[in-house]
Structures are given as structure tokens and as C-alpha cells.
A.B. asks: 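Provided herewith is a single structure, encoded as C-alpha cells, for subsequent inquiry.
Numbering of ligands and ligand atoms starts at 1, following listing order.
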Amino acid sequence: MAKEIRKVGVVGLGAMGAGIAQLCVEAGVDTVGREVSMDLAEQASGRMGHFLTRKVEKGQLQQDARDAAFARLSLTTDLADLAGCDLVIEAIVEELAPKQELFAELERTCAADAVLATNTSALSVTEIAAATSVPARVVGMHFFNPAPLMPLVEIIRAELSSDEAFDTAFAFAEKLGKHPIRCHDTPGFVVNRVLIPLLNDCIRVLDEARVSVEDLDAGMKYGAGWPMGPCELVDLVGIDVHVHASEALYEKTREPRMAAPPRLVAMRNAGLLGRKSGRGFYSY
Ligand code: CAA
């Protein structure tokens with residue numbers, strides 16, 4: 001049975017974490033956002049405030065509802081402030097060791113029945129859960145970028161996840177207005193298992209077919225109905241994030257299509273990371 005969620009913690013307020021925290025406060029849930037410095041936390045809350053204000057300007061949200069939502073967010077650098085949360089969603093760096101360390105710490109901090117969720121996109125939820133003594137309360141809640149706009153959340157059952165933790169995460173995603181789907185903990189889960197090699201194929205086609213970036217994007221938008229082209233999408237996701245996810249999936253599956261194309265690795269190494277660095281396939 002799903003547990004009622006009155007207070008949520010979001011650890012890591014980068015693009016994904018800030019988007020998730022924004023969804024939580026908009027859904028009427030008190031939310032504690034944790035970053036490593038107050039400076040980073042305030043930058044994230046500034047971005048959230050901006051997107052909420054844009055919704056008011058576009059008539060999608062009332063001013064008082066916007067202010068009430070924003071007031072539900074509190075910021076901290078101290079994990080101890082997550083003690084009263086019924087659910088904590090982790091969205092920190094995509095590395096196993098820091099995530100395991102965090103989950104072990106969350107277990108010491110949070111109530112015994114709090115659900116601990118990871119937003120990992122390519123790591124194993126089961127391996128993250130293994131860092132805790134009660135892995136039954138750990139599940140995956142994988143949001144898509146940009147989290148406030150993309151309807152899907154993958155709810156991932158790790159080897160030892162309890163039905164209660166799984167149902168709680170599923171019900172909470174519905175409360176956020178999302179379309180959750182259920183799956184087991186396998187490399188890339190559902191969407192990235194398909195999307196990552198597909199995007200890698202798209203980048204390989206750039207060189208093989210000697211098509212321009214603009215024409216490849218036009219091809220997939222106007223010939224396959226994608227909302228944005230593959231190069232635009234990799235720029236949005238972040239070239240470093242995409243390369244890292246490709247490497248993680250290649251390591252697990254050994255499927256050649258999972259491996260990041262050399263062109264993307266070179267872009268990552270040169271600091272061409274897409275929108276966030278001002279330059280990727282396009283300039284911003
Ligand atoms: N948070 C909140 N609001 C946001 C936002 C964010 N992060 N980013 C943009 N917005 C708001 C903006 O305010 C914007 O309005 P203004 O420009 O008027 O301020 C509004 O959203 C709409 O933006 P757009 O006009 O660009 O919207 P659109 O109709 O073109 O749709 C899109 C944008 C939803 C991103 C659409 O292009 C789309 O669906 N693209 C595909 C995205 C996708 O495939 N994502 C998955 C990536 S893979 C992944 O995430 C998996 C992983 O693990 C890496």
C-alpha cells in the first residue's frame with residue numbers, strides 16, 4: 001500500500017533536482033532542497049522561481065498559487081534537515097560511490113519508514129540500495145529532462161524493493177501529475193535502453209551520411225515526428241551526461257551501439273557540453 005507523502009527531500013538541485021523540487025512544491029508538498037553550498041541552492045531556487053513566474057505570465061498559474069508553491073521550498077546544506085521527510089529523491093552526480101555514500105547517510109538521518117528514491121538514469125538502483133541496511137525502502141524514480149515538462153517517470157523496482165516503497169513512489173509520481181510506468185532494474189531501464197543507442201546511431205549517421213547537423217535534426221523532426229532533433233536533444237541533455245550514460249550502459253551490456261561515438265567524446269573533452277556550456281552542436 002502507498003504511504004502518504006507530506007514532506008519530500010530532494011538532494012542535488014542541478015537541472016534535474018531543481019525541476020523535481022519545482023514539481024513537488026507545485027503539487028502542494030513541502031519540499032526541502034539540499035545542495036552542497038547555499039550559493040548553489042539559491043541559484044537553483046532562482047531558476048525555479050523564474051520558471052514559476054513564466055507560468056504566471058503565460059496564464060498557466062495564478063500569482064498567489066505561484067507564491068504559495070515557492071514558499072513550500074526550503075533550502076539547506078545539511079542532510080539532517082531531511083529527517084522529517086517521508087520521501088527523499090536523490091539527484092546528485094551520476095557516480096556510484098557518492099550515491100552509495102549518500103544513501104548510507106540518508107538511512108542514518110531519515111525515519112525508518114521513509115522511502116529513498118534515486119533519479120539515476122544509467123546506474124543500477126540495486127547497487128545503490130546495497131549501500132543501505134534496509135534496501136527494501138529504496139526504489140528508482142527516473143524523471144526526464146526537462147522534468148517539469150516531460151510527463152514520464154519510470155518507477156524502478158530494484159531486486160529487494162518492497163511493494164510499499166514501489167507503490168508509494170508510483171502514487172507520488174501520479175500526484176505530481178506525471179505518467180509513471182513500472183519496470184525492473186536493468187541497464188537503462190526502458191527509455192534510455194532504447195534512446196541512448198538510438199541517439200548514438202544518429203550521431204554516427206552525421207559522419208556516415210555526411211548530412212549536416214541541421215539536416216539530421218530536420219530529418220528526425222519532419223520524417224519521424226520527434227519534437228526536437230537528436231543534436232538539439234543531446235545539447236539539451238548535456239553532452240557530458242549523454243557520454244557518461246552511454247559509457248555506463250556499454251560497460252554493463254557490451255553492446256557496441258551503447259558506446260559513445262568518438263565525435264561526442266571529443267566534444268565532451270573539449271568542453272562543448274551543449275546548452276549549459278553555451279556551445280554543443282549549436283551555439284546558445
Ligand atoms: N523547468 C520549467 N520550465 C521550463 C524548463 C524547465 N527546466 N525549461 C523550459 N521551461 C518552460 C519555459 O518557461 C518555456 O517557456 P518560455 O520559453 O515561454 O519561457 C516553456 O517551458 C516551453 O518551452 P518551449 O517553448 O521550448 O516548449 P516546447 O513546446 O518546444 O517543448 C520540450 C519543449 C518539452 C523540451 C520538447 O521540445 C520536447 O519534448 N523535447 C524532447 C525532450 C526529451 O526527449 N527529453 C528526454 C531527454 S532524455 C532524458 O532525460 C533521459 C536521461 O536520463 C538523460
Side-chain angles (χ1 to χ4, degrees), residues 10 12-27 33 43-61 66 69-70 73 89-94 99 117-125 140-156 176-179 181 183 185-200 202-203 217-218 220-222 224-249 258 260 264 268 273-276 280 282 284:
V10 179
L13 298 176
M16 294 308 293
I20 295 166
Q22 181 185 325
L23 285 164
C24 294
V25 295
E26 280 193 81
Q43 282 176 31
S45 89
R47 291 196 305 274
M48 289 163 60
H50 162 79
F51 286 127
L52 290 171
T53 300
R54 285 293 297 145
K55 287 184 88 164
V56 175
E57 286 165 356
K58 291 192 282 186
Q60 296 167 353
L61 189 65
R66 181 241 177 249
F70 199 59
L73 176 71
I89 304 174
E90 166 275 318
I92 66 167
V93 60
E94 275 286 276
K99 285 192 195 283
T118 173
N119 178 54
T120 186
S121 55
L123 301 176
S124 157
V125 182
M141 283 186 83
H142 182 216
F143 292 77
F144 289 75
N145 189 355
L149 304 185
M150 298 299 287
L152 186 70
V153 184
E154 292 172 330
I155 307 298
I156 300 129
L176 297 182
K178 295 298 181 189
H179 187 121
I181 60 172
C183 62
D185 182 28
T186 52
F189 316 130
V190 176
V191 173
N192 277 349
R193 168 70 181 79
V194 177
L195 186 60
I196 292 210
L198 188 53
L199 287 173
N200 286 336
C202 289
I203 304 307
D217 278 354
M220 296 310 288
K221 276 195 287 192
Y222 306 130
W226 287 25
M228 64 201 315
C231 298
E232 287 179 284
L233 182 55
V234 178
D235 271 2
L236 170 74
V237 166
I239 287 168
D240 53 339
V241 171
H242 178 81
V243 167
H244 191 275
S246 297
E247 284 168 350
L249 292 189
M258 295 290 180
L264 280 183
R268 188 270 315 268
L273 307 182
R275 282 196 194 189
K276 65 183 162 193
Y282 297 92
Y284 299 89

A.B. asks: Does a donor on one side chain and an acceptor on the other come within less than 3.5 Å for Thr53 and Arg66?
C.D. replies: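 Arg66 and Thr53 do have a side-chain donor-acceptor pair below 3.5 Å.
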A.B. asks: Where does Lys55 meet ligand 1, judged by heavy-atom distances below 4.0 Å: at the side chain, the backbone, both, or neither?
C.D. replies: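 Neither; nothing of Lys55 gets under 4.0 Å from ligand 1.
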A.B. asks: To the closest 0.5 Å, what do you measure between CG (Asn192) and NE2 (His242)?
C.D. replies: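 Taking CG in Asn192 and NE2 in His242, the distance rounds to 9.0 Å.
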A.B. asks: Is Glu232 salt-bridged to Lys221, going by a charged N under 4.0 Å from an acidic O?
C.D. replies: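 Counted as a salt bridge, because a side-chain N and a carboxylate O are separated by less than 4.0 Å.
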A.B. asks: Only heavy atoms count here, so choose which of Ala122, Ala18, Pro146 is nearest to atom 7 (N) of ligand 1.
C.D. replies: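 Heavy atom nearest to atom 7 (N) of ligand 1 belongs to Pro146.
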A.B. asks: Heavy atoms only, cut-off 4.0 Å: how does Phe51 contact ligand 1, side chain, backbone, both, or neither?
C.D. replies: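 For Phe51, the contact with ligand 1 is made by the side chain alone.
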A.B. asks: What protein heavy atom sits nearest atom 36 (C) of ligand 1, and how far away is it?
C.D. replies: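 Of the protein heavy atoms, Pro227 CB, 4.2 Å lies nearest.
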A.B. asks: Checking a contact table here: which protein heavy atom is nearest atom 15 (O) of ligand 1, and how many Å away?
C.D. replies: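 Of every protein heavy atom, Lys58 NZ, 2.6 Å lies nearest to atom 15 (O) of ligand 1.
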A.B. asks: Does the protein put a heavy atom under 4.0 Å from atom 40 (N) of ligand 1?
C.D. replies: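 Flag for atom 40 (N) of ligand 1 set to true, protein heavy atom closer than 4.0 Å.
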A.B. asks: Is atom 31 (O) of ligand 1 close to the protein, meaning a heavy atom under 4.0 Å from it?
C.D. replies: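 Answer no: nothing from the protein, no heavy atom, is under 4.0 Å.
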A.B. asks: So, does Glu154 use its side chain to make a donor-acceptor pair with the main chain of Val191 at under 3.5 Å?
C.D. replies: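 Between the backbone of Val191 and the side chain of Glu154 there is a qualifying donor-acceptor contact (under 3.5 Å).
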A.B. asks: Look at atom 48 (S) of ligand 1 and say which protein heavy atom is nearest, naming residue and atom and giving the distance to 0.1 Å.
C.D. replies: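 Protein heavy atom with the smallest distance to atom 48 (S) of ligand 1: Leu195 CD2, 3.7 Å.
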A.B. asks: Just which atoms of ligand 1 are under 4.0 Å from any heavy atom in Ser121?
C.D. replies: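 Answer, ordered by atom number: 53 (O).
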A.B. asks: I need the nearest protein heavy-atom contact for atom 27 (O) of ligand 1: residue, atom name and distance, please.
C.D. replies: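 Among all protein heavy atoms, the one nearest atom 27 (O) of ligand 1 is Leu149 CD1, 4.8 Å.
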A.B. asks: Please write down residue, atom name and distance for the protein heavy atom closest to atom 46 (C) of ligand 1.
C.D. replies: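 Here the closest protein heavy atom is Asn145 O, 3.5 Å.
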A.B. asks: With the threshold set strictly below 4.0 angstrom, can you tell me whether any protein non-hydrogen atom sits that near atom 1 (N) of ligand 1?
C.D. replies: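 Neighbour list for atom 1 (N) of ligand 1 includes protein heavy atoms (cut-off 4.0 Å).
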A.B. asks: Just to confirm my output: which protein heavy-atom neighbour is closest to atom 37 (O) of ligand 1, and how far is it?
C.D. replies: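 For atom 37 (O) of ligand 1, the nearest protein heavy atom is Met228 SD, 3.8 Å.
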A.B. asks: Any protein heavy atom at under 4.0 Å, with atom 50 (O) of ligand 1 as the reference point?
C.D. replies: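 So atom 50 (O) of ligand 1 has protein heavy-atom neighbours under 4.0 Å.
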A.B. asks: Testing the basics here: between Leu273 and Arg268, what is the closest heavy-atom pair and its distance to 0.1 Å?
C.D. replies: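 Distance-wise, the nearest heavy atoms are CD2-O, 3.9 Å.
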A.B. asks: Is any side-chain heavy atom of Glu26 less than 4.5 Å from a side-chain heavy atom of Lys55?
C.D. replies: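 Of all side-chain heavy-atom pairs linking Lys55 with Glu26, at least one is under 4.5 Å.
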A.B. asks: Does the residue His142 have a heavy-atom contact with ligand 1, meaning some pair of atoms that are separated by less than 4.0 Å?
C.D. replies: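 True for this residue.
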A.B. asks: Determine whether a donor-acceptor pair (N or O, by modelled atom type, separation under 3.5 Å) exists between the side chain of Asn200 and the backbone of Met258.
C.D. replies: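 Yes; judged by distance alone, with no hydrogens or angles, the pair exists.
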A.B. asks: Which heavy atom of the protein is the closest neighbour of atom 44 (O) of ligand 1, given with residue, atom name and distance?
C.D. replies: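 Checking every protein heavy atom, the shortest distance to atom 44 (O) of ligand 1 gives Leu233 CD1, 3.5 Å.
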A.B. asks: In terms of the angle between their ring planes, are His142 and Phe144 parallel, tilted or perpendicular, with boundaries placed at 30° and 60°?
C.D. replies: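 Rings of His142 and Phe144: tilted, as their planes differ by 30° to 60°.
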A.B. asks: Under 4.0 Å and counting heavy atoms only, is there anything from the protein next to atom 13 (O) of ligand 1?
C.D. replies: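 Given the 4.0 Å limit, the answer for atom 13 (O) of ligand 1 is yes, a protein heavy atom qualifies.
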A.B. asks: Within the structure, does at least one protein heavy atom fall under 4.0 Å of atom 18 (O) of ligand 1?
C.D. replies: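 Yes, at least one protein heavy atom sits under 4.0 Å from atom 18 (O) of ligand 1.
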A.B. asks: Among protein heavy atoms, which sits nearest to atom 52 (C) of ligand 1, and what does the distance come to when rounded to 0.1 Å?
C.D. replies: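 It is Asn192 ND2, 3.5 Å.
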A.B. asks: Does either side chain, that of Tyr222 or that of Asp217, offer a donor lying less than 3.5 Å from an acceptor on the other one?
C.D. replies: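 Their side chains do not contain a donor-acceptor pair, so the 3.5 Å distance test is not met.
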A.B. asks: For atom 24 (P) of ligand 1, is the nearest protein heavy atom under 4.0 Å away?
C.D. replies: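 No, there is no protein heavy atom closer to it than 4.0 Å.
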A.B. asks: For Asp185 and Ile156, work out which heavy atoms get closest and say how close.
C.D. replies: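 Of all heavy-atom pairs spanning Asp185 and Ile156, the closest is CA-CG2, 3.6 Å.
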A.B. asks: Using a distance threshold of 4.0 Å (strictly less than), state whether atom 21 (O) of ligand 1 has a protein heavy-atom neighbour.
C.D. replies: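 Yes, at least one protein heavy atom sits under 4.0 Å from atom 21 (O) of ligand 1.
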A.B. asks: Could you pull out the closest heavy-atom pair between Leu176 and Ala27, with the gap in Å?
C.D. replies: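 So the two residues come closest at CD2-CB, 3.8 Å.
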A.B. asks: Whether Lys276 and Asp240 form a salt bridge (side-chain N of Lys/Arg under 4.0 Å from carboxylate O of Asp/Glu) is what I want to check.
C.D. replies: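 Looking at Asp240 and Lys276, the cut-off is met.
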A.B. asks: Within the structure, is a non-hydrogen atom of Gln22 found at a distance of less than 4.0 Å from ligand 1?
C.D. replies: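 Contact check Gln22 vs ligand 1: positive.
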A.B. asks: Would you say Lys178's side chain and Ala147's backbone share a donor-acceptor pair under 3.5 angstrom?
C.D. replies: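 Judged by distance alone, yes, a pair lies under 3.5 Å.
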A.B. asks: At less than 4.0 angstrom from any non-hydrogen atom of Arg54, what atoms of ligand 1 do you find?
C.D. replies: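 Counting from 1, the qualifying ligand atoms are 13 (O), 16 (P), 18 (O), 19 (O).
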